[in-house]
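Per chain, numbering begins at 1; letters A, B, ... match sequence-line order. Since the model is a prediction, treat every value here as computed from it, not as a measurement.
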Amino acid sequence: MGIEERFSAIRKGLLEFLLLKIIAADKVYAADILKELSRTEFATQEGTLYPLLSKMRREGLLDYEWKESEAGPPRKYYKLTAKGREHLRNTSDYWQKINGTIKGMGPNS
Amino acid sequence: MNKVVTIHLNGTPFQLEEAGYDALRAYLDHAARQLAGNPDRDEIMADIEQAIGDKCRAATNAFRTVVLAKDIEQIIAEMGPVDDGSEKSSRAETTPAGSDPTTHAADNDPAGSGPVKRIYRISEGAMISGVCNGIAAYLNIDPTIMRIIFVLLAFVTLGGMALAYFVLVLLLPSARTPAEKAAAQGAPFTAQEFIRRARAGYYDAVKTFHDKGAHREWRRRFKHEMRAWRRNFRQEMRAHSQQWQADWHASWSQHPGAYRGFWFTLSFLSAVRAVLTFVWIFALLSLLTTGAVFGIALPAGISLWFGLLLLCVAYVLFSAPIRAARHVLLRHGWGGPPCVPALFGLWDVFVWLGFLALLIWLADRYVPQAHQALVNLPPALHHAADSIKHWWAQR
């Protein structure tokens, strides 16, 4: 099992965190999110993204608004809610803590 | 020249090549099924349709208005399998880094990832109604082997298996939708799989008979052939059995004193059958209460009710020779004078029941496990009935 595969569950778990970060930066369209992720190890497809976005919206972390586009029907632009921003802060802190723990453990390489 | 299908995706019309349409239809059907129970299903489906629409728009221009099948392949591959993200999220997982999803899912254990495998009748390439085909796909063996096993069993069980076949025809659902077809094969439902099947004309099988006339003609011919085959078979069997009877009488009439052995043999056969029945009942009980037969657990991927079915088949299989021997004895005697079948039949049943009762009593008394199994029987039966009901409700 390669490192890619070993970490697939972890990447999946972290995807929500990354979405929060991306959406926090700017109001984005789903295709923008995919483009941003496509350059990283977290490359994702629509089939995964849409259900996740809708789950996060249901949990009150984000919301969307419709915007006209030059080509085709109006698009959904996502943005964070207050709860989403708080969740992002908490997740960020927790991630820092985990990183610290990993660094502090075992021999330093 | 290819046929074009006009569809609309979330309100915007598109023209698709027919093969592309089939693949897209299968993809969306599966997506909708995957999201069943998700409160936002309709919204997610609309999002997905719109995303596909955007990609279709990018694939066309003023001079090229039709979305080709290969465009759709590309689009489905880009979209990736729809993944509910909740408890069943691990199924059909693809790493975008590009590991091949078909082999990926195939190496995993059948219980874990991969779609839930279920028995369906598969009419593509079926001989009669696809029962053997479906079971073969479920057990992952060659359908021809399954058919041979079925035919052999039908002979050994004196037609019992043929009866079971027709019960299965009624009982097993036919795999109609693409998702059901995938569940029948246990194949992973990924974009690549859709494309492969759409390419292989997998979904064209339904269209083989374009007009009703051809279909009717085919069925008429099939029935005609089956009838002729049955007639032939019966005639041959009758001729053979007369031959066997004659042989049997010829060999036994040389031992006139053997008549006394008749009662003994009949009782012995009944007793053996009682032991078999006892072992069978005990096996059923232990499967119901502990999920294992004499300490041997069912292989993963075979459900409880299928295990029970297998046990029944095994019982019929083992008791068939005894039944056949008793049948011959009762019908044709022991080479001596013809006997009174009703009386012997009654005697036989009494011996069988009596011996069975004795065995169960002994087991209850001296084998703690058997006693435990008997005590556990009512809740176990309840549980089994529930699981069967649950299975029924799921289909």
Side-chain angles (χ1 to χ4, degrees), chain A residues 1-19 28-78, chain B residues 8-14 27-28 30-31 34-35 37-58 60-61 75-86 88-90 92-101 104 107-108 113 189-191 194:
Chain A
M1 203 196 269
I3 193 111
E4 286 270 341
E5 228 168 303
R6 251 175 222 282
F7 276 80
S8 81
I10 291 175
R11 279 202 309 272
K12 200 167 189 162
L14 285 175
L15 196 56
E16 194 176 308
F17 179 30
L18 261 94
L19 290 187
V28 281
Y29 175 49
D32 300 334
I33 301 178
L34 289 174
K35 211 166 114 197
E36 183 127 16
L37 288 174
S38 69
R39 296 187 301 259
T40 69
E41 308 82 333
F42 291 87
T44 302
Q45 295 174 296
E46 277 98 335
T48 313
L49 180 70
Y50 284 118
L52 186 54
L53 283 174
S54 101
K55 190 196 92 177
M56 287 165 74
R57 190 183 68 88
R58 206 163 59 236
E59 289 169 353
L61 301 178
L62 49 87
D63 202 1
Y64 61 77
E65 56 189 56
W66 291 100
K67 271 196 182 168
E68 293 297 330
S69 72
E70 317 85 65
R75 294 169 165 183
K76 275 178 186 175
Y77 277 82
Y78 292 89
Chain B
H8 77 86
L9 287 168
N10 205 23
T12 317
F14 291 98
Y27 177 77
L28 288 175
H30 177 248
Q34 197 71 355
L35 294 170
N38 189 318
D40 294 328
R41 189 180 93 152
D42 293 343
E43 191 175 349
I44 297 172
M45 287 306 289
D47 286 341
I48 286 171
E49 284 196 10
Q50 184 165 346
I52 294 174
D54 284 349
K55 287 176 196 287
C56 284
R57 201 170 298 111
T60 53
N61 57 40
I75 288 169
I76 291 178
E78 278 175 27
M79 293 294 294
V82 172
D83 173 359
D84 193 13
S86 53
K88 49 183 180 179
S89 60
S90 60
E93 186 183 338
T94 44
T95 40
S99 70
D100 182 19
H104 176 76
D107 323 339
N108 284 319
S113 55
F189 235 116
T190 58
F194 281 120

Does any part of the side chain of [Y], heavy atoms only, come nearer than 4.5 Å to the side chain of [X], both counted from C-beta?
| X | Y | value |
| --- | --- | --- |
| A/K76 | B/D47 | yes |
| B/D54 | A/Y29 | yes |
| B/N38 | A/K55 | no |
| B/R41 | A/S54 | no |

Measure across [X] and [Y] and return the closest heavy-atom pair with its distance rounded to 0.1 Å.
| X | Y | result |
| --- | --- | --- |
| B/A51 | A/Y50 | CB-OH, 3.6 Å |
| B/G80 | A/Q45 | CA-OE1, 3.2 Å |
| B/I44 | A/P51 | CD1-CA, 3.6 Å |

> Got a second to check how far B/E78's CD is from A/S38's OG, nearest 0.5 Å?
Replying inline: 11.0 Å

> When rounded to the nearest 0.5 angstrom, what is the spacing between CD in B/E43 and OH in A/Y64?
Replying inline: 3.5 Å

> Checking side-chain contact (heavy atoms from CB on, under 4.5 Å) for the pair A/E46/B/I48: CA distance, chi angles, key distance, verdict?
Replying inline: CA-CA 7 Å; A/E46 277 98 335; B/I48 286 171; 5.6 Å; no

> By a 4.5 Å heavy-atom criterion (distance strictly below it), what part of A/F7 contacts chain B: side chain, backbone, both, or neither?
Replying inline: neither

